[in-house]
Amino acid sequence: MANFAKSRVPRFSAEVYQNPYLPEGGREVHAIVTVTATGGGTTGGRPVPRAGTGGPDAGVVIMVDCSGSMDHPPAKLRGAREATAAALDTLRDGVGFAVVAGTHRAVEVYPGGGRLAVAGAATRAQAKEALRTLTAGGGTAIGSWLRLTGRLLSSAGAGIRHAILLTDGRNEHESPRELRDALDACSGSFTCDARGVGTDWEIKEVTAIASALLGTADIVADPAGLTADFTRMMETAMRKEVADVGLRLWTPLGAETVFVKQVAPTVEDLTGRRRESGPRSADYPTGSWGDESRDYHLCLRVPAAGIGQEMLAGRVSLIFSAPDGDPAQSPPRPLSQGLVRALWTDDVAASTAINPQVAHYTGQAELAQAIQQGLDARKSGDIDGATEKLGRAVQLAGASGNEETAKLLAKVVDVVDTATGTVRLKAKVAEADEMTLETRSTKTVRVKK
């Protein structure tokens with residue numbers, strides 16, 4: 001039995017932004033919930049063992065694609081080795097780690113034996129030496145990489161469990177169902193940042209992996225950029241101090257949840273991840289936290305009521321979601337909560353006003369959808385449809401101040417008028433530019449203060 005360092009209580013806050021006023025008979029209530037974790041590296045949720053007290057406080061596994069295509073050009077595998085070495089240098093002493101080589105099967109590169117090594121000068125040096133043995137050959141079966149990673153991270157009992165996955169191609173040696181089953185098996189066990197290097201990988205596969213495992217997805221078109229990207233990912237992972245935090249939503253009798261979406265820093269629909277947690281309440285996973293702030297969009301449907309009536313439409317709480325079968329963590333510990341209200345009025349101005357936060361994030365979600373639909377239309381040869389959707393995306397990016405997305409759009413379309421969304425499709429678009437726009441389409445900006 002490991003000795004656990006005394007956990008500090010995490011400081012979470014939940015602020016609700018909404019227009020509570022509904023017209024007579026109105027039923028849908030929208031709210032933005034801003035969740036903020038503070039405390040210089042908040043430690044809470046599951047008590048995590050500290051280095052030297054019986055186990056690592058965090059575990060990290062790096063999955064490196066070693067399929068045959070990684071040698072075309074050789075810069076991809078060379079860049080992957082260098083990036084992995086840089087990521088290992090970023091690990092805190094005492095963190096558990098492993099490196100996995102992925103082809104049509106998953107192989108432990110370091111340390112082996114179905115376990116994690118403990119980060120220190122000696123183990124980092126040994127791991128870097130082991131990276132020299134990485135060679136390209138074979139196929140791609142990402143589900144097997146994820147399953148091995150899940151077993152390795154589970155073996156250490158670490159509080160924070162994180163993975164980095166790098167691939168340069170498509171998951172051709174597994175069926176889509178096999179990958180989905182692997183993702184279902186790993187969901188909730190660890191978070192995973194997924195990266196595609198070059199331009200021959202499948203965007204929807206990589207983004208689906210990151211989405212299912214509550215991580216980030218991105219493109220690194222030039223292998224020379226891998227080292228900087230891996231270092232940033234590992235630095236972010238090392239700042240995570242709270243594991244398994246859930247968003248708990250309670251609704252009164254007669255009310256129902258229409259959707260729950262994360263809307264900042266990226267758009268992520270959590271509705272389908274609902275897990276019943278009690279009478280009229282359900283939990284939605286949010287993964288691991290450091291010092292950061294995220295926004296969530298809730299849509300609730302309440303029973304219709306008359307003028308002057310008021311009700312509590314929902315109560316949202318942050319709770320620590322312990323894994324199944326962990327009686328020591330029952331019941332979950334509430335970390336913070338906010339209230340969503342509904343008030344019926346005959347004041348037309350009040351009931352038709354849209355809360356600025358709700359309006360902003362509704363636009364950001366539409367922006368992501370417009371980009372994806374526009375690019376799909378462009379690929380299928382639907383020029384009019386692509387022009388319409390990407391024009392709308394330009395309009396939304398400009399109105400919301402999403403400058404990074406606007407810059408990416410400008411590499412795919414010639415902007416005639418931002419305000420009206422008037423654009424022309426570029427005749428020639430670099431594949432890397434189109435893939436970057438699609439991969440980063442869900443990144444949002446916060447509401448202007």
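This is a predicted model, so every value here is computed, not measured.
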Tell me, please, which residues at least two apart from F190 pass ring-ring contact (aromatic ring centres under 6.0 Å, His included).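 Applying ring-ring contact (aromatic ring centres under 6.0 Å, His included) to F190 gives none.
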Parallel, tilted or perpendicular, judged at 30° and 60°: which one describes the rings of H297 and F259?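 Geometry flag for F259 against H297: perpendicular rings.
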Check whether any side-chain N or O of [X] sits under 3.5 Å from a backbone N or O of [Y] as a donor-acceptor pair, and report yes or no.
X	Y	result
E108	G114	yes
T266	T442	no
S154	R151	no
W145	T103	yes
R280	W250	no
T90	M234	no
S187	L183	no
R92	M238	yes
N171	I142	yes
S336	A14	yes

Straight-line distance of I32 CD1 to Y361 OH, nearest 0.5 Å: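 Going from the CD1 atom of I32 to the OH atom of Y361 covers 7.0 Å.
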CE/M63 to CZ/R195 distance, rounded to the nearest 0.5 angstrom?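 Atom-to-atom, M63:CE and R195:CZ are 12.0 Å apart.
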Working for side chain to side chain contact (heavy atoms under 4.5 Å, CB included), residues I62 and V100: CA-CA 6 Å; I62 302 175; V100 169; over 6 Å; no
Who are the salt bridge (Lys or Arg N to Asp or Glu O under 4.0 Å) partners of [X], not counting sequence neighbours?
X	value
E202	R170
K261	none
E205	none
R315	none

Salt-bridge criterion met for [X] and [Y] (N-O under 4.0 Å):
X	Y	value
E129	R132	yes
D71	K76	no
K204	D376	yes

Which residue pairs pass the salt bridge (Lys or Arg N to Asp or Glu O under 4.0 Å) test with at least one member in residues 177-194, sequence neighbours excluded?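 For residues 177-194, and leaving out neighbouring residues, the salt bridge (Lys or Arg N to Asp or Glu O under 4.0 Å) pairs sorted by first residue read R177-D181, R180-D184.
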Contact check, side chains of K443 and D218, non-hydrogen atoms, under 4.5 Å: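 Yes, close enough: below the 4.5 Å cut-off.
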Can E256 and T251 be said to form a side chain to side chain contact (heavy atoms under 4.5 Å, CB included), step by step? CA-CA 7 Å; E256 61 181 317; T251 52; 6.0 Å; no
[Y] versus [X], side-chain donor and acceptor atoms under 3.5 Å:
X	Y	answer
S277	S281	yes
D65	S67	yes
E174	S144	no
T191	H162	yes
E15	T34	no
S400	N402	no
T362	E366	no

Is atom [atom1] of [X] surrounded by more than 12 heavy atoms (other residues, nucleotides or ligands) closer than 6.0 Å?
X	atom1	value
R105	CZ	no
E403	CD	no
K379	NZ	yes

What about Y296 and Y284, are their ring centers closer than 6.0 Å?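 Ring-ring flag for Y296/Y284: false, centres at least 6.0 Å apart.
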For the pair K240 and E292, evaluate salt bridge (charged side-chain N to carboxylate O under 4.0 Å, His left out) and give the outcome as yes or no after the intermediate values. CA-CA 10 Å; K240 301 294 184 182; E292 59 187 297; 2.7 Å; yes
Is there a salt bridge (charged side-chain N to carboxylate O under 4.0 Å, His left out) between E434 and R378 once you walk through the steps? CA-CA 10 Å; E434 185 174 357; R378 185 179 181 278; 3.0 Å; yes
Does the structure place the NZ or CZ of R239 under 6.0 Å from the centre of the six-membered ring of W289, at an angle of no more than 45° from the ring's axis?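 That pair does not qualify as a cation-pi contact.
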Please assess D283 against R248 for the test salt bridge (charged side-chain N to carboxylate O under 4.0 Å, His left out), listing each intermediate value before the final yes or no. CA-CA 4 Å; D283 295 348; R248 173 162 294 179; 2.6 Å; yes
For the pair R11 and D291, evaluate salt bridge (charged side-chain N to carboxylate O under 4.0 Å, His left out) and give the outcome as yes or no after the intermediate values. CA-CA 10 Å; R11 292 199 291 272; D291 278 6; over 6 Å; no
What are the two closest heavy atoms between L152 and A98, and how far apart are they?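 Minimum heavy-atom contact is CD1-CB, 4.1 Å.
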